[in-house]
2 protein chains.
Amino acid sequence: MNNRVRVLIVDDHAMFRSGVRSELGTAVDVVGEAADVDQAVAAVIEHRPDVVLLDVHLPGGGGAEVMRRLSTRLGSADGPRFLALSVSDAAEDVIGTIRAGARGYVTKTITGPELVDAIRRVSEGDAVFSPRLAGFVLDAFAGSIEISAVDEDLDRLTEREREVMRLIARGYAYKEVARELFISIKTVETHMSSVLRKLQLSSRHELTRWASDRRLL
Amino acid sequence: MNNRVRVLIVDDHAMFRSGVRSELGTAVDVVGEAADVDQAVAAVIEHRPDVVLLDVHLPGGGGAEVMRRLSTRLGSADGPRFLALSVSDAAEDVIGTIRAGARGYVTKTITGPELVDAIRRVSEGDAVFSPRLAGFVLDAFAGSIEISAVDEDLDRLTEREREVMRLIARGYAYKEVARELFISIKTVETHMSSVLRKLQLSSRHELTRWASDRRLL
DNA sequence: GGCCGGATCAGGGGATACCCCGATGGTCCG
DNA sequence: CGGACCATCGGGGTATCCCCTGATCCGGCC
């Protein structure tokens, strides 16, 4: 295909925009520029670019705000792809930007040819990250499981205590747990005492949160 | 650096393993092979590869099981990077594999040179995805916010009810909520009745799970 | 003004939750 | 065999949860 990728450059520094524009040269089709959130939203709607090069620290709410506004105005199908371009390599910036809908995140230390390649790949639906940043995203994504610290505590529970714990954490009343496990309510209470003591919790509410945080439900 | 990347190939089909091995040629250092979960875990501990090429549909629990077992035996620091290699491009396979800790996911339609490049990039900490699959991961990540269906229920709560709800869901006792908001326990009870009625829940335990599922904590 | 919804409070009561004490069996182990 | 750990129960108590009815005050709306 000979169609060049249509790109919109969003950054609050005019100097940087012209730098990017000259680096990109004729490899892509720069259809416009924007310097803040409002301009960016308007420019996307007007020019319908394939890829938006989006500065993360943008006046008026940051690049994430641009994506949020556009996601409500445009269907996710026909909207542009967003490639975040930032001086920051802080994890919270990267994660926040991805959560907001960006398909890639590269730092401004990138070279011109690399940026052209990144734009191409994003326009095709691929995800592009500066090598060091990819770890942040996947760690944050996989990290929501968090098994490591759990086992130390969880392993101290006996098999029966774990069964009771699981049901209690799901919101079962003692009476219901008793019926479910064919034991007396008093036995359930005994197990629960052990569970709370071993996990250093003080109520079933804390237990529910504890289990919920660790996705044991 | 001249050090070749040390690679372990995990797949239950011997034919496929030898195919991969010949495709990789001398570009990387294949230190071993494994055909199921147990062999894979043992081989990683024995050979300490830099990158594990991991089949997703593996007898004995799948590739995810390999990563789970190793994550408990090895510190996350010195463990290998995992690159999932699968015939499946189903979203649930991709998401599940990434959640389990893989740093990349490519389909078996990949060419030899592309695979070598993918292995190199994963070994350097980059994330590698077949273009079409990257969207799954990022959509799932960004989509974990899920505001859409919540507002219908959540919007029916008044401001005060939301405050009470948030504290209750966090495990606060009525008494503690009352102190926190400078109101009477009886008022807290009234608000809670409204909250439970409007959300069609019947106890604070269900509320905790409800809020937890929606990340309102 | 009358109506309605929200926020505030009260009394009372049945059901739970959590804790204290103690007790009985069973297994496993030195 | 005695000690440990576990699973199983009980009595009794206090605090908490959840619901019921009923009340006052305020602000918006027709």
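Convention: sequence-line order gives letters A, B, ...; per-chain numbering from 1.
Note: A:D11 CG to A:L54 CG = 9.0 Å, rounded to the nearest 0.5 Å. Atom-to-atom distance recorded for B:M192:CE and B:L201:CG is 8.5 Å, nearest 0.5 angstrom. In this structure, NE2 in A:H191 is found 13.0 Å from CE in A:M165, a value given to the nearest 0.5 Å. If you take NE2 on B:H13 and CG on B:D55, they are separated by 8.0 Å, rounding to the nearest 0.5 Å. The CG atom of B:L85 sits 8.0 Å away from atom OG1 of B:T107, with the distance rounded to the nearest 0.5 Å.
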I'd like a table of atom pairs between the protein and nucleotides 24-28 of chain C - only N or O on both sides, under 3.5 Å - with the distance next to each one.
none

**Report entry** A:R179 and A:K175: CA distance, side-chain angles, deciding distance, side-chain contact (heavy atoms from CB on, under 4.5 Å) verdict
**Finding:** CA-CA 6 Å; A:R179 266 204 302 272; A:K175 191 199 300 180; 3.7 Å; yes
Requested in this report: Take A:T97 and A:M67, measure what side-chain contact (heavy atoms from CB on, under 4.5 Å) needs, and give me the verdict at the end.
Outcome: CA-CA 9 Å; A:T97 304; A:M67 291 184 275; 3.9 Å; yes
Report task. Kindly indicate, with the supporting measurements, whether the criterion side-chain contact (heavy atoms from CB on, under 4.5 Å) is fulfilled by B:L70 and B:V41. Result -> CA-CA 7 Å; B:L70 285 169; B:V41 172; 3.9 Å; yes
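Residues B:E163 and B:R166 are not paired through a salt bridge, judged by the lack of any N-O separation under 4.0 Å between the basic side chain and the carboxylate.
Atom CD of B:E159 is separated from atom C1' of C:dG5 by 16 Å (rounded to the nearest Å). C:dA17 atom P lies 16 Å from atom NE2 of A:H191, rounded to whole Å. Atom CG of A:L196 and atom C1' of C:dC18 are 8 Å apart (whole Å). The interatomic distance linking B:Y174 (OH) with C:dG11 (P) rounds to 18 Å, in whole Å. At whole-Å resolution of the value, CD in A:E176 and P in C:dA15 are 15 Å apart. When the P atom of C:dT16 is taken as reference, atom NE2 of A:H205 falls 15 Å away, rounded to whole Å. Per the geometry, OH belonging to B:Y172 stands 20 Å off C1' belonging to C:dA17, to the nearest Å.
Residues from residues 182-190 of chain A placing a heavy atom under 4.0 Å of any atom in DNA chain D, listed by number, are A:I183, A:S184, A:K186, A:T187, A:T190.
The neighbour count for A:Y172 OH, taken as heavy atoms of other residues, nucleotides or ligands under 6.0 Å away, does not exceed 12. Remark: A:H57 NE2 is packed, more than 12 non-hydrogen atoms of other residues, nucleotides or ligands lying under 6.0 Å away.
When the side-chain nitrogen and oxygen atoms of A:R204 are compared with OP1 and OP2 of C:dA17, one or more of them lie within a distance under 4.0 Å. Taking side-chain N and O atoms only, B:T158 has a distance below 4.0 Å to OP1 or OP2 of C:dA7.
For A:A173, the side-chain atoms get nearest to C:dT16 when compared with the rest of C:dT16, C:dC18, C:dA7.
Five base pairs at each end of the helix from C:dG1-D:dC30 to C:dG30-D:dC1 define two local axes, and these are offset by 30° (rounded to 10°).
With sequence neighbours left out, B:A173 forms a side chain to side chain contact (heavy atoms under 4.5 Å, CB included) with B:E176. For A:H205, the ring-ring contact (aromatic ring centres under 6.0 Å, His included) partners at least two apart in sequence or on another chain are B:H205.
Taking every heavy atom of both residues into account, A:Y105 and A:V56 meet most closely at CE1-CG2, 3.7 Å.
On the nucleic acid side, DNA chain D contacts chain B at distances under 4.0 Å to non-hydrogen atoms, with the end points of that region at D:dT16 to D:dC19.
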